[in-house]
Amino acid sequence: MKQFINTDKIYVEDLGKHADKVVSLYGWLYNKRGKGKLAFLLLRDGTGIVQCVMSKADVGEEIFSRADDVTQESAIKITGKVNADDRAPGGFEIHVQNFELVSRSEEYPISPKEHGTTFLMDHRHLWLRSKKQNAILRIRHTIIKAVRDFFDGEGFTLIDAPIFTPAACEGTSTLFETDYFEDKAYLTQSGQLYMEAGAAAFGKVYCFGPTFRAEKSKTRRHLTEFWMVEPEVAYMDLNGDMELAENFVSYIAKCVLDKNRKELETIERDTTKLETIKAPFPRLHYDEAAEILKKEATEFVYGDDFGANDETVISSQFDRPVMVHRYPAAVKAFYMKEDPEDKTRALGFDMLASEGYGEIIGGGQREDNLDILLSKIKAHDLPEESFNWYLDLRRYGTVPHAGFGLGIERTVAWLCGLHHVRETIPFARLMHRLNP
RNA sequence: UCCCGAGUAGCUCAGCUGGCAGAGCAAGUGGCUGUUAACCACUGGGUCGUAGGUUCAAGUCCUACCUCGGGAGCCA
């Protein structure tokens with residue numbers, strides 16, 4: 001890569017290529033340990049952390065005291081020889097020849113000891129520098145790239161959905177309202193309806209962007225702003241949809257295992273749990289899932305949607321994600337196609353991640369019949385005029401079509417084995433958090 | 001919206017039946033040539049969330065409020 005400021009700069013992740021050579025590293029002081037006339041400086045540059053060993057005998061009094069005085073997270077430049085050494089974390093260490101202070105850090109709020117989550121979230125802009133958060137967001141990067149690579153590789157066209165929308169897509173959830181000149185606009189809670197238009201125009205499409213829910217949810221699985229990928233395919237039914245979903249999720253898991261071994265180790269993820277994420281995934285009819293819940297004696301009431309505990313019980317029966325399909329139509333959205341074999345059922349499915357992580361995908365086949373869709377809009381008490389353009393899709397060459405939405409943060413939390421989704425996005429937006 | 005829980009040093013927390021405000025880490029000073037969240041010694045650091053009440057005496061008991069955390073519902 002071209003270096004615009006420093007022609008001699010190399011990165012920690014490339015140290016192996018420079019064994020026994022003298023190099024310059026630019027970064028920040030992660031931590032230091034003094035030992036009298038010997039000092040250990042941990043330099044962090046965003047690609048990794050390397051231990052730099054400096055002895056007073058080698059560098060002299062002036063450089064040594066300059067380095068000895070430096071504070072945590074000060075910006076520093078270190079020049080020295082790259083040595084392989086088993087005692088060094090990472091396998092390589094630098095024998096310091098020169099040390100330069102680029103800028104001194106004030107007292108850094110995040111010490112190497114323990115902190116509470118509130119404090120760390122208040123300092124999220126600095127917390128990103130720590131090892132674990134760095135690893136998580138690198139895995140997020142892999143997942144997002146895998147999402148794009150998968151659909152691009154399958155011949156999908158990226159069609160971006162608008163973020164300002166005129167009304168509720170699904171009616172039920174609370175929307176964030178904003179002024180739009182003389183009018184009101186709402187932040188999108190799903191791009192799906194627009195993807196249905198896209199599917200009729202391009203055959204296979206997906207959108208990937210932020211989504212907003214104004215629900216007052218305070219749980220480890222909820223953000224008010226989260227990222228969702230939503231594919232939609234014309235001439236595809238529920239079975240095709242589930243096959244797409246399981247191949248998609250398997251691909252993502254494989255990419256993370258292929259590219260992020262080091263990061264998974266940093267966050268102490270049990271990777272055997274990831275090795276099993278391979279299509280095909282078990283598929284359960286709603287009634288079969290209900291049967292499991294009956295056997296396990298949960299408080300589940302037949303006909304209802306599954307609660308958080310129900311999802312955990314169902315998914316704990318399997319070593320990989322499970323797809324539950326044909327929910328009662330009454331608990332699902334108006335646009336879901338009804339099962340021609342049982343009109344009380346919707347041709348929708350949820351994918352429940354393993355290890356109790358709950359729903360990561362919701363999707364299904366869409367209602368493609370104009371009259372049935374009209375009656376559902378009426379039955380759900382939705383304003384018909386707002387859906388005129390959507391109904392047009394049923395007037396002008398309607399076809400069976402299906403799609404789904406996958407929540408990125410829940411997927412990251414699951415693959416990383418994290419307790420809470422707030423660490424899976426650089427700057428989380430929660431009910432009680434709008435800063436930093 | 002509902003149900004729990006918590007607010008004490010910069011951070012993480014302890015503080016018993018009401019009786020002088022504590023520890024570890026961080027910061028500062030000194031020491032140490034192989035440290036792995038280094039270690040050892042010393043130093044500084046407090047409106048106990050806010051308001052009111054009970055009491056000779058409140059961090060501690062009571063009431064209200066504020067803020068935050070966990071969970072439910074809803075969802076991805």
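Please read these numbers as outputs of a predicted model, since none were measured by experiment. Every chain is numbered from 1 and lettered A, B, ... according to where its sequence line falls, protein lines coming before strand lines.
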Separation between the [atom1] atoms of [N] and [M], rounded to whole Å:
{"N": "B/A21", "M": "B/A37", "atom1": "P", "value": "38 Å"}
{"N": "B/U8", "M": "B/A14", "atom1": "C1'", "value": "10 Å"}
{"N": "B/C65", "M": "B/C25", "atom1": "P", "value": "41 Å"}
{"N": "B/G22", "M": "B/U47", "atom1": "P", "value": "15 Å"}
{"N": "B/A38", "M": "B/G31", "atom1": "C1'", "value": "14 Å"}
{"N": "B/U60", "M": "B/G49", "atom1": "P", "value": "8 Å"}
{"N": "B/G15", "M": "B/G24", "atom1": "C1'", "value": "15 Å"}
{"N": "B/A6", "M": "B/G59", "atom1": "C1'", "value": "14 Å"}

(request) State which residue, out of A/D237, A/V233, A/D368, A/L347, fulfils the side chain to side chain contact (heavy atoms under 4.5 Å, CB included) condition with A/P400. (result) A/D368

(message) Please identify which of these residues, A/T165, A/L193, A/L175, meets the side chain to side chain contact (heavy atoms under 4.5 Å, CB included) condition with A/T188.
(response) A/T165

(request) Counting Watson-Crick and G-U wobble pairs whose two distances are both under 3.5 Å, find the runs of 3 or more in a row that involve RNA chain B. (result) B:1-7 with B:66-72, B:10-13 with B:22-25, B:27-31 with B:39-43, B:49-53 with B:61-65

(message) With the threshold set at under 4.0 Å for non-hydrogen atoms, list the residues of residues 283-292 of chain A touching RNA chain B in residue-number order.
(response) none

(request) Tell me which residues in residues 299-318 of chain A put a heavy atom below 4.0 Å from RNA chain B, sorted by number, or none. (result) A/D305, A/G307, A/A308

(message) Please tell me whether A/E232 and A/Q192 have a donor and an acceptor in their side chains that are separated by less than 3.5 angstrom.
(response) no

(message) Checking A/N260 against A/T142: is there a side-chain donor and acceptor pair closer than 3.5 Å?
(response) yes

May I have the distance from [X] (atom [atom1]) to [N] (atom [atom2]), rounded to whole angstrom?
{"X": "A/E215", "N": "B/G73", "atom1": "CD", "atom2": "P", "answer": "12 Å"}
{"X": "A/E73", "N": "B/A26", "atom1": "CD", "atom2": "P", "answer": "15 Å"}
{"X": "A/I361", "N": "B/C75", "atom1": "CD1", "atom2": "C1'", "answer": "14 Å"}
{"X": "A/R220", "N": "B/G70", "atom1": "CZ", "atom2": "P", "answer": "9 Å"}
{"X": "A/F226", "N": "B/C74", "atom1": "CZ", "atom2": "C1'", "answer": "12 Å"}
{"X": "A/L120", "N": "B/C11", "atom1": "CG", "atom2": "P", "answer": "11 Å"}
{"X": "A/Q72", "N": "B/C25", "atom1": "CD", "atom2": "P", "answer": "15 Å"}
{"X": "A/L175", "N": "B/C75", "atom1": "CG", "atom2": "P", "answer": "14 Å"}

Euclidean distance, [Y] [atom2] relative to [X] [atom1], rounded to 0.5 Å:
{"X": "A/I10", "Y": "A/L25", "atom1": "CD1", "atom2": "CG", "result": "5.0 Å"}
{"X": "A/W28", "Y": "A/S103", "atom1": "CH2", "atom2": "OG", "result": "9.0 Å"}
{"X": "A/E263", "Y": "A/R269", "atom1": "CD", "atom2": "CZ", "result": "14.5 Å"}

(message) Here's a test of your reading of the structure: between A/D69 and A/M431, which maps to the more 5' nucleotide of RNA chain B?
(response) A/M431

(request) Return the 5'-most residue of the pair A/G116, A/Y108 with respect to RNA chain B, ranking by each residue's nearest nucleotide. (result) A/G116

(message) Using the rule given for side-chain contact (heavy atoms from CB on, under 4.5 Å), can you reason through A/Y30 versus A/K131, listing the C-alpha separation, both sets of side-chain angles and the distance that settles it, and then say yes or no?
(response) CA-CA 10 Å; A/Y30 193 75; A/K131 259 191 259 186; 3.9 Å; yes

Run the side-chain hydrogen bond (donor to acceptor under 3.5 Å, both in side chains) test against [X] and tell me which residues pass, sequence neighbours left out.
{"X": "A/T178", "answer": "none"}
{"X": "A/T344", "answer": "A/D342"}
{"X": "A/S24", "answer": "A/D8, A/T79"}

(request) Kindly indicate, with the supporting measurements, whether the criterion side-chain contact (heavy atoms from CB on, under 4.5 Å) is fulfilled by A/R213 and A/T224. (result) CA-CA 5 Å; A/R213 304 269 166 98; A/T224 55; 5.9 Å; no

(request) Could you work out which one of B/G69, B/A76, B/G73 sits closest to the side chain of A/T118? (result) B/G69

(request) Among B/A26, B/C68, B/U12, find the nucleotide with the atom closest to the side chain of A/F119. (result) B/U12

(message) Tell me whether the rings of A/F248 and A/F151 are parallel (<30°), tilted (30 to 60°) or perpendicular (>60°).
(response) tilted

(message) Classify the ring geometry of A/Y251 against A/F150: parallel below 30°, tilted from 30° to 60°, perpendicular beyond 60°.
(response) tilted

(request) Sort and list the pairs that fulfil ring-ring contact (aromatic ring centres under 6.0 Å, His included) and have at least one residue in residues 61-115 of chain A, not counting sequence neighbours. (result) A/H115-A/F119

(request) Return each pair, listed once, that meets ring-ring contact (aromatic ring centres under 6.0 Å, His included) where at least one residue sits in residues 277-298 of chain A; pairs must be two or more places apart or across chains. (result) A/H285-A/H325, A/Y286-A/Y302, A/Y286-A/F306, A/Y286-A/Y327

Table of protein N/O atoms under 3.5 Å from nucleotides 4-9 of chain B N/O atoms:
none

(request) Between protein and nucleotides 32-40 of chain B, map the contacts as a letter string: B base, S sugar-phosphate only, - none, heavy atoms under 4.0 Å, written 5' to 3'. (result) BBBBBBB--

(message) Checking A/L15 against A/I94 for the side-chain contact (heavy atoms from CB on, under 4.5 Å) test, could you report, in this order, the C-alpha distance in whole Å, the side-chain angles of both residues, the deciding distance, and whether it holds?
(response) CA-CA 9 Å; A/L15 277 179; A/I94 306 293; 4.0 Å; yes

So what does [X] touch, heavy atoms closer than 4.0 Å: a base, only the sugar-phosphate, or nothing?
{"X": "A/R433", "result": "nothing"}
{"X": "A/H420", "result": "sugar-phosphate"}
{"X": "A/I110", "result": "nothing"}

(request) Answer with yes or no whether A/T219 presents, from its side chain, a donor or acceptor under 3.5 Å of a partner atom in the base of B/G70. (result) no

(request) Identify, with sequence neighbours excluded, every residue that meets side-chain contact (heavy atoms from CB on, under 4.5 Å) alongside A/K216. (result) A/M431

(message) Please confirm whether the shortest side-chain N or O distance from A/H115 to OP1 or OP2 of B/U12 is below 4.0 Å.
(response) no

(request) Determine if A/H222 stacks with B/C75; use a centre-to-centre distance below 5.5 Å and an interplanar angle below 30° as the criteria. (result) yes

(request) Name all pairs fulfilling the salt bridge (charged side-chain N to carboxylate O under 4.0 Å, His left out) condition that reach into residues 291-318 of chain A, sequence neighbours left out, sorted by first residue then second. (result) none

